[in-house]
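Each remark here refers to the structure printed beneath this line.
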Amino acid sequence: MTRFSFSVSVSSEGRNLISLSDFTLEPGKITVLFGESGIGKTLLAKTIFGLTDAARLEATVNGETYSSWQQSDRVTSFRKAGFFVLQEPSSQFNPSMTIHEQYREADLARPDFETSILNGLWKSDGWQNLAGLFPQPFRPSGGEKQRFLLAMALKKMAIQDDAGKLSPDSLFILDEPTGSLDNGFRNAFLELLILQHQKQPFTLLLITHDYTLIPWLERHPSGISGSVSWKELSRADSGEHLLSRFDPSDFISWQDQLSPPGRTDGQILAELNSGVICHGRTLTFSSGSEPIGTLALKAGTLTYLKAASGVGKTTVARILMGLYPAENQALTLCGINLSSAGPSVWKRLIWGKKASMAFQLADEALNPLATVRQVFTALHRPELASDDQILRYLTPVFLTSPPKDFLSAQVRFLSGGQKQRLNLMRSLACRPEVLILDEPLNGVDFKTIRIFIRLLSQILSEGTAILLISHNEDIFDRLTLAENRVNLTATSP
Amino acid sequence: MKTRSVRFPGLPGDLFWLAIWLLGCLLVLLWDAVFLNKPALIRVWTGFGNTLSVAGISLVTALVFSFFLSSGFILARWNGFGKLAAAAELLLSVSRSVPQIIGLLTGFLILTVLVTQEVLTGKAGILTGFGVTVGLVLYYEFSDMLIERARWFEQTDFIAASRTAGIPDFHLLFIEIWWRNSRLHLINKLISGVGSTVFLLCSIDFILSVGLSHSVNAVNFPPTLGSLLAHIDSKQDILAAGLIFSDPSYLAVLFTRHLQGLSVAFLIVFTLACWFKAGISFAERNRL
């Protein structure tokens, strides 16, 4: 039993949310914890750090009641010597203080270190214009807030190190620290983290869905891979939580064999002009360094739309689906000019007929109170009217036909991966000619990633034109030819 | 989450308060049956029944009216009929800006005219007229809630994702948003609506009983709790309760001699209190 061995159980109204009899972090090492969203990773970490709401949930840690655990010396020392970066950056900021004030508050009240850390995370001094802001829901952007939070964690490490207090006994927890960052900023953060860890090791729990961290860390010249332990949290069919070692070579070998599926000579099914204006910003497209006149989606081709977070990738997807009005717009879809079409035209001719879109957040896209059966019967499609038809339809994404009672399960009780699969399958139900996938790998585990990529090849082989938005560049760059990678830039007047 | 509103094992707080209300009313009925003279007994309990009937009719009216207005407003907005949506919103805003009591008085003036001219006749017709009038004054509380629920979902990807997947607008609004995700809100609104309706009705009946017309009065209007409360016998009964401060021994006969007024006053206050508590408990139980 080490200082970082935990037996955790959390339930609500008799429903088991997380239960692990042995969750151990190796002192002085980095533990990367994978697992599909909703499996309980965040709850596990928050419970250990004493951050779970004891009034709402029944929890025990190492056999202690939760209120006793929260007041224990161990939790006090975790907080004093460590730091917890929450998954949702907005929830960690105090809206009535500027970011700069919060960056120098309490344990962080030392002006040294901050410039070098922030410059490193921004790769410039661009943070200076943002530091004086009061955090609001949409400003700074999610990625910028996340970098400020990561800067706080790095600053705490540096301060502790400077005072000779950073040690393997210090626990830092970073929950989805790179979820809103593109690869460039993600790597900049990881470089700083590795540098600090190699200078003075500490214990780190890094919760993530980003499997592409594996090859990056495994192949890092610093040799940090020797200090990383890979784990995966999953749930057995019986509902029991399982914590297992994740073999990094499984992902690396799978990723290395990825190659572009589909074809490149298909007919153009959708076109949107460069220079379209939405929400006061002009959106332009380029391929490589060459500007292109239109974003063209071809039959059987995967087009990968790329940009830093917050630039407007989802905005482009929404314009293409007629959900956002835009100026200076020339849009055709499946031969229909939709440049000035109203919602009734989209409804009659396009939505759920010729085109559909799988939205980024399955939790929002699906009705949490509907059953799996109702998700599909709501489409009023004769081929998805009976239980047998729905089960057969879902088989490709569940590998085997799900049990019949799965259809009666409410969406809110499904795991993140199951929800994401339903989200994708609902958008495919109309067999669209044009499909938009917005972050399809969000919140899913490696097993589901493999299923999705296989399904993607199948959809492309049927001639569907796909527009893909994803921050998983290491995966999708391998699945697209350079000519089908479109860069997006936005300019404001 | 721990459920705080359970009073007895297996009996949630809202049902507890409704059970208390039913039990309390039953006890008063039994007491009245023993001690109240028959004509007064019939008057009190007919008035109680009429009041509840009007409350029921007004809730149905409010629900139906708000359903059509809200769905028209939301579907017009979703489908790009901005002018129609703006007109519906204007109608809502105008009706919201009229104080309820003014709306009710106006409605009851019209009712009085209709009764005087014998356009509206018979007890059922007049009670329905009462109910519809109160319902038209209350409807915006329901339509605001229905529109608010749809707006809440508009802030997420739910509506856009459902529509682009091909889910018809009617199914999306009526089944997915209102039925599956808002019916508890609606039930909660209905529970609180019972209290609002009884309160409004008693207020207006009380005012009305003073007499808006020579030819329309408490005799040709069906009795309700409000009109009974305004009756001189009830007022005397309630005033008699004050006697116990100067003569505490009077308490022994208060509940046998002055039952009409006390029963009516009790039924009004008790109904309002129980339904209010039931609404609060229902909201707590369902975390609304």
Side-chain angles (χ1 to χ4, degrees), chain A residues 12-13 15 53 55-58 314 317-318 320-325 341-348 350-371 374-381 410-411 422-430 432 435-436 438, chain B residues 1-6 9-10 12 71-86 149-188 284-288:
Chain A
S12 171
E13 293 176 356
R15 191 178 155 76
D53 184 356
R56 287 182 58 240
L57 302 165
E58 293 102 47
T314 301
R318 284 172 178 265
L320 270 167
M321 285 304 290
L323 296 169
Y324 276 167
S344 55
V345 176
W346 283 91
K347 220 168 58 173
R348 191 159 39 85
I350 307 293
W351 292 337
K353 294 177 178 73
K354 292 189 180 300
S356 68
M357 174 169 168
F359 282 67
Q360 184 174 0
L361 302 171
D363 275 322
E364 282 193 11
L366 301 171
N367 185 348
L369 299 179
T371 62
Q374 287 161 346
V375 167
F376 292 97
T377 53
L379 299 169
H380 297 279
R381 301 191 72 84
Q410 280 191 322
V411 169
L422 292 187
N423 188 26
L424 178 65
M425 291 309 278
R426 185 177 69 169
S427 62
L428 285 175
C430 63
L435 173 67
I436 298 176
D438 191 357
Chain B
M1 168 131 8
K2 290 158 190 159
T3 306
R4 287 176 293 162
S5 54
V6 174
S71 45
F73 171 68
I74 294 163
L75 292 173
R77 209 150 43 88
W78 284 1
N79 289 289
F81 299 107
K83 286 179 184 166
L84 196 62
R149 292 297 297 160
R151 282 205 169 122
W152 191 87
F153 281 99
E154 283 169 13
Q155 289 166 10
T156 71
D157 284 339
F158 179 63
I159 291 173
S162 302
R163 294 182 91 197
T164 55
I167 295 178
D169 285 355
F170 284 100
H171 182 98
L172 179 58
L173 181 62
F174 301 152
I175 306 293
E176 302 292 338
I177 296 178
W178 283 347
W179 176 248
R180 294 209 175 109
N181 278 289
S182 309
R183 65 175 186 270
L184 291 176
H185 296 77
L186 194 61
I187 293 170
N188 190 43
E284 261 181 25
R285 180 160 70 98
N286 294 291
R287 298 168 214 162
L288 299 177

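Keep in mind that this is a model prediction, so the values were computed, not measured. Order of the sequence lines fixes the chain letters, A, B, ..., with proteins taken first and strands second; residue numbering starts at 1 for each chain.
No donor-acceptor pair closer than 3.5 Å links the side chain of A/Glu364 to the backbone N or O of B/Thr156.
Between the CD1 atom of A/Ile350 and the CZ atom of B/Arg163 there is a distance of 13.5 Å, given to the nearest 0.5 Å. A/Arg318 CZ to B/Thr164 OG1: the interatomic distance, rounded to the nearest 0.5 Å, is 9.0 Å. For the atom pair CZ (B/Phe153) and CG (A/Asn367), the distance works out to 6.0 Å, reported to the nearest 0.5 Å.
Contacts of A/Ala355 with chain B are made by backbone atoms alone, with heavy-atom separations under 4.5 Å and no side-chain atom involved. Within the 4.5 angstrom heavy-atom criterion, only backbone atoms of A/Leu366 (N, CA, C, O) approach chain B. In this structure, chain B has heavy atoms under 4.5 Å from both the backbone and the side chain of A/Leu369. With a 4.5 angstrom heavy-atom cutoff, A/Arg381 does not touch chain B via any of its atoms. Neither the backbone nor the side chain of A/Ala429 comes within contact range of chain B; no heavy atom of the residue lies under 4.5 Å from a heavy atom of that chain.
Residue pairs meeting the salt bridge (Lys or Arg N to Asp or Glu O under 4.0 Å) criterion with at least one partner in residues 72-83 of chain B, sequence neighbours excluded, are B/Arg77-B/Glu154.
Proximity to chain A at a heavy-atom threshold of 4.5 Å picks out B/Ala165, B/Gly166, B/Ile167, B/Pro168, B/Asp169, B/His171 from residues 165-174 of chain B, in numerical order.
Of all non-hydrogen atoms in A/Pro343 and B/Gly80, the two that sit nearest each other are CG-N, 3.8 Å. Across every non-hydrogen atom of B/Ala160 and A/Phe359, the tightest pair is CB-CZ, 3.7 Å. Counting all heavy atoms, side chain and backbone alike, B/Glu176 lies closest to A/Gln374 at OE2-O, 4.5 Å.
Listed options A/Ser427, A/Ala378, A/Pro432 were ranked by heavy-atom pairs under 4.5 angstrom with chain B; first place goes to A/Ala378. Considering only heavy-atom pairs separated by less than 4.5 Å from chain B, the leading option among A/Ser344, A/Ala365, A/Ala358 is A/Ala365.
Between A/Met357 and B/Asp157, the closest side-chain pair of non-hydrogen atoms is not below 4.5 Å.
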